[in-house]
Enquirer: 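Pasting a structure here, questions to come.
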Number of protein chains: 2
Amino acid sequence: MEYNTAFSLNMLEYDLVTVDKSTIFRTLTLFEQQKLIHKIEDGSGSTKYALCVEGCNCEAIDQHFHFHCTNCKETFCLTELNIPNIQLPSKFEMKQANVVLKGVCANCNL
Amino acid sequence: MEYNTAFSLNMLEYDLVTVDKSTIFRTLTLFEQQKLIHKIEDGSGSTKYALCVEGCNCEAIDQHFHFHCTNCKETFCLTELNIPNIQLPSKFEMKQANVVLKGVCANCNL
DNA sequence: TTAACATTGCAACCAGGTTGCACAGATTAA
DNA sequence: TTAATCTGTGCAACCTGGTTGCAATGTTAA
């Protein structure tokens, strides 16, 4: 199978019927350490993952936006949108960002 | 007690020793419906809440940023920072935003 | 006083995430 | 080849946060 949007442990467990949850979890953890995938907390209750793309730079400050569709529950990586420069209060140092925009995606917004 | 930063069910449960978790949960849910507080998903594993301030507008698109300190684990509402205008892909319609910047806060960044 | 309603605590449950342990297959060293 | 070791996996159990049903208690109004 193939995912165009972010996927969760749960979704993998459902699709990979013969593989144990713990195995998938450990594999995801490994992939994340190797920076093949990155975590997204989209507020859906379960952590999602997305494949890192060329120049994904997911550990750096200019991490991209994510869009969570409240209708179909899919989470999209908006890789073309970078997080703009933000003027933080004094002495606050940003290392990472988790940006999830919520609304209705193009597929559901007919 | 008084919180300057966002608080979780857990924290309240710890501080309000005589009050049951379910009661706190139901009260938080009520407060949220009444828009006295708003939810923040800071990726710490547990949902946080913050008091809505004058003009908090937490249901609207221009919800403010949050800052999660990875050192002290506090989550700050950066009410003065509004989410900038974002050019979404065609037909994507944003209704809400959950923006959590992560790093080190002023207290920890000495 | 009584009936209706609201609030609370307790216990149980659920889901997602995580870990310990034992087993099987692959790999390596003697 | 054989023995020792390493690696990957499944199973079961566990933890935590969140959530709900239910019964008991408190409050309000007629």
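Chain identifiers are assigned alphabetically (A, B, ...) following the order of the sequence lines, protein sequences preceding nucleic acid strands; residue numbering begins at 1 within each chain. Note that these values count all heavy atoms, side chains included, but never hydrogens, waters or copies made by symmetry. Fair warning: this is a prediction, and the values are worked out from it, not measured in the lab.
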Enquirer: B:Glu41: which residues meet the salt bridge (Lys or Arg N to Asp or Glu O under 4.0 Å) condition with it, sequence neighbours left out?
Expert: A:Lys102
Enquirer: Strictly under 3.5 Å: I want the nitrogen or oxygen pairs between protein and nucleotides 18-20 of chain D, one per line.
Expert:
{"unit_1": "D:dG18", "atom_1": "OP1", "unit_2": "B:Thr47", "atom_2": "N", "d": "2.6"}
{"unit_1": "D:dG18", "atom_1": "OP1", "unit_2": "B:Thr47", "atom_2": "OG1", "d": "3.0"}
{"unit_1": "D:dG18", "atom_1": "N7", "unit_2": "B:Lys21", "atom_2": "NZ", "d": "3.2"}
{"unit_1": "D:dG18", "atom_1": "O6", "unit_2": "B:Lys21", "atom_2": "NZ", "d": "3.1"}

Enquirer: Nearest whole Å is fine: how far is C:dT8 C1' from B:Glu13 CD?
Expert: 14 Å
Enquirer: Could you state the atom-to-atom distance from CG of B:Leu28 to C1' of D:dG17 in whole Å?
Expert: 13 Å
Enquirer: With B:Glu93, which residues qualify under side-chain hydrogen bond (donor to acceptor under 3.5 Å, both in side chains), at least two apart?
Expert: A:Asn109
Enquirer: Sequence neighbours excluded, which residues qualify as ring pair (Phe, Tyr, Trp, His ring centres under 6.0 Å) partners of A:Phe76?
Expert: B:Phe92
Enquirer: Roughly how many Å is it from CG in A:Leu30 to P in D:dT7, rounded to a whole number?
Expert: 12 Å
Enquirer: Under a 3.5 Å cutoff, is there a donor and acceptor pairing between the side chains of B:Asp42 and B:Thr75?
Expert: yes
Enquirer: Taking the side chain as every heavy atom from C-beta outward, state whether A:His38 and A:Cys77 have any pair of such atoms under 4.5 Å apart.
Expert: yes
Enquirer: OP1 or OP2 of C:dG9 less than 4.0 angstrom from a side-chain nitrogen or oxygen of B:Thr23, does that happen here?
Expert: yes
Enquirer: Which hydrophobic side chains are connected to A:Ile40, either touching it within the sub-4.5 Å cutoff or through other members that do?
Expert: A:Val100
Enquirer: Base, sugar-phosphate alone, or nothing: which one does B:Thr18 contact when heavy atoms must sit under 4.0 Å apart?
Expert: sugar-phosphate
Enquirer: Should A:Ile37 and A:Tyr14 be regarded as members of a common hydrophobic cluster, given that ILVMFWY residues are connected when their side-chain heavy atoms come within less than 4.5 Å of each other, either directly or indirectly?
Expert: no
Enquirer: For DNA chain D, what residues of residues 67-74 of chain A have any heavy atom nearer than 4.0 Å?
Expert: none
Enquirer: Can you tell me the distance, in whole Å, between the CE atom of A:Met11 and the P atom of C:dG17?
Expert: 12 Å
Enquirer: To the nearest angstrom, how far is A:Ile24 atom CD1 from D:dC11 atom C1'?
Expert: 14 Å
Enquirer: Donor-acceptor pair, A:Thr29 side chain versus A:Phe25 backbone, under 3.5 Å?
Expert: yes
